[in-house]
Amino acid sequence: MKARRIVVLTGAGISQESGLDTFRDPNGIWSKYRVEDVATPEAFARNPRTVHDFYNMRRRNLLAGHVKPNAAHAALAELERRWPGEFMLVTQNIDDLHERAGSRRLVHMHGEMRKVRCASCGAVTPNDADLSLETPCGSCARPGKLRPHVVWFGEMPLEMERIGDALAACDLFVSIGTSGNVYPAAGFVAEAKAAGARTVELNLEPSLGRCHFAESRYGKATEIVPEFVATLLAAH
Ligand code: NAD
């Protein structure tokens with residue numbers, strides 16, 4: 001039976017060749033910062049300036065001219081455009097490289113670096129500027145209540161119900177550039193498998209969850225993702 005409903009999950013590995021560091025690789029973000037200092041609600045409550053500095057630095061890097069979507073992002077946008085069945089791209093990445101490549105049926109389960117959320121009025125608004133402790137909310141104007149619109153360790157990822165429904169109904173699940181360290185995303189393969197889906201891992205190296213996948217291809221995302229997408233489209 002040919003696959004009709006696809007769910008793709010991406011992680012930091014798909015953006016690595018675009019110039020963005022991954023998290024757990026030897027030179028990754030967690031080799032330079034401690035999660036507990038910059039990526040938890042407790043860290044933000046304790047030392048908001050440090051957390052703002054961390055995301056200000058990452059946002060500036062994302063907006064630097066040299067960071068651009070790569071061939072893997074482009075291949076997924078093409079798959080979405082040409083696929084005759086249902087398609088959902090779930091990303092753990094808080095960068096916007098999928099959007100820049102043209103992806104539209106996209107869920108940012110860990111939030112978005114180019115948005116901020118107001119703890120006072122709840123508004124989520126686009127923001128490309130550095131945040132400080134005094135920055136006023138663009139919606140309610142209260143100063144000092146903004147935080148990055150990202151999901152920190154210990155917080156609930158976004159849109160889990162919609163993602164769960166798609167996984168329960170998919171025929172093909174493809175995981176790209178993720179180490180399989182962070183739940184609930186690391187458990188998606190088991191949900192897709194339980195639904196009877198074909199499961200494929202595309203990564204630089206075997207992930208922690210490799211034994212759950214029926215198929216795998218290892219190599220750089222810019223090489224293996226376009227190849228895999230071309231095979232899928234040719235078979236339909
Ligand atoms: P990761 O760094 O754990 O894993 C990246 C994977 O990509 C590795 O398995 C690596 O082998 C692979 N890879 C590296 N370069 C590649 C390339 N060129 N081509 C193909 N694969 C390549 O990143 P992850 O799995 O995305 O981590 C899970 C999530 O943890 C992150 O996406 C992030 O959203 C999340 N997280 C981040 C924060 C934060 O910064 N605030 C907080 C909590 C969770």
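Hydrogens, waters and symmetry mates are skipped; everything else that's a heavy atom, side chains included, is used. By convention here, the first residue in the shown sequence is residue 1. Read the numbers this way: they start at 1 and go in the same order the structure lists the ligands and their atoms.
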Can you tell me the protein heavy atom closest to [atom] and the distance?
atom	answer
atom 25 (O) of ligand 1	T178 OG1, 2.7 Å
atom 11 (O) of ligand 1	E205 OE2, 3.2 Å
atom 19 (N) of ligand 1	A221 N, 2.9 Å
atom 13 (N) of ligand 1	G13 CA, 3.6 Å
atom 9 (O) of ligand 1	N203 ND2, 2.9 Å
atom 14 (C) of ligand 1	D25 OD2, 3.4 Å
atom 35 (C) of ligand 1	H110 ND1, 3.8 Å

Test: [X] and [Y] ion pair at under 4.0 Å:
X	Y	result
D171	R198	no
R114	E112	no
D21	K32	yes

So, [X] versus [Y]: side-chain donor-acceptor pair below 3.5 Å or not?
X	Y	value
H73	E99	no
E201	S175	no
R58	N61	no
N70	S18	yes
Q92	T178	yes

Any idea which atoms of ligand 1 are less than 4.0 Å away from a heavy-atom of [X]?
X	answer
G11	26 (O)
G177	5 (C), 6 (C), 7 (O), 21 (N)
E17	17 (C), 18 (N), 19 (N)

(message) So, 4.0 Å and heavy atoms of G219: is ligand 1 close enough to count as a contact?
(response)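 Yes, G219 has heavy atoms under 4.0 Å from ligand 1.
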
Closest to [atom] (judged by heavy-atom distance), picking from [options]:
atom	options	answer
atom 40 (O) of ligand 1	M113, Q16, R24, R58	R58
atom 23 (O) of ligand 1	S207, A12, G28, G111	A12
atom 39 (C) of ligand 1	Y218, F54, Y55	Y55

Would you say [X] has any N or O atom under 3.5 Å from an N or O of ligand 1, going by distance alone?
X	value
K220	no
Q92	yes
F23	yes
F153	no
W30	no
A39	no

(request) Measure the CZ-CZ distance between F87 and R5 for me, rounded to the nearest 0.5 Å. (result)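 Reported to 0.5 Å precision, the distance equals 15.0 Å.
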
(request) Take the angle between the ring planes of F213 and F173 and call it parallel below 30°, perpendicular above 60°, tilted in between. (result)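 Answer is parallel, since the angle falls under 30°.
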
(message) Quick check: is V182 connected to V189 through a chain of hydrophobic side chains (ILVMFWY, heavy atoms under 4.5 Å apart)?
(response)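 Shared cluster, no.
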
(message) Given V8, which partner from the list L106, L89, L172 fulfils the side chain to side chain contact (heavy atoms under 4.5 Å, CB included) test?
(response)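 By the side chain to side chain contact (heavy atoms under 4.5 Å, CB included) criterion, V8 pairs with just one of L106, L89, L172: L89.
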
(message) Testing R59, R60, H52 one by one against N56 for a side chain to side chain donor-acceptor pair (under 3.5 Å), which residue passes?
(response)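 Among R59, R60, H52, the one that satisfies the side chain to side chain donor-acceptor pair (under 3.5 Å) with N56 is R59.
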
(message) Under 4.0 Å, heavy-atom basis, I'd like to know which part of V182 is in contact with ligand 1: side chain, backbone, both or neither.
(response)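 Side chain only.
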
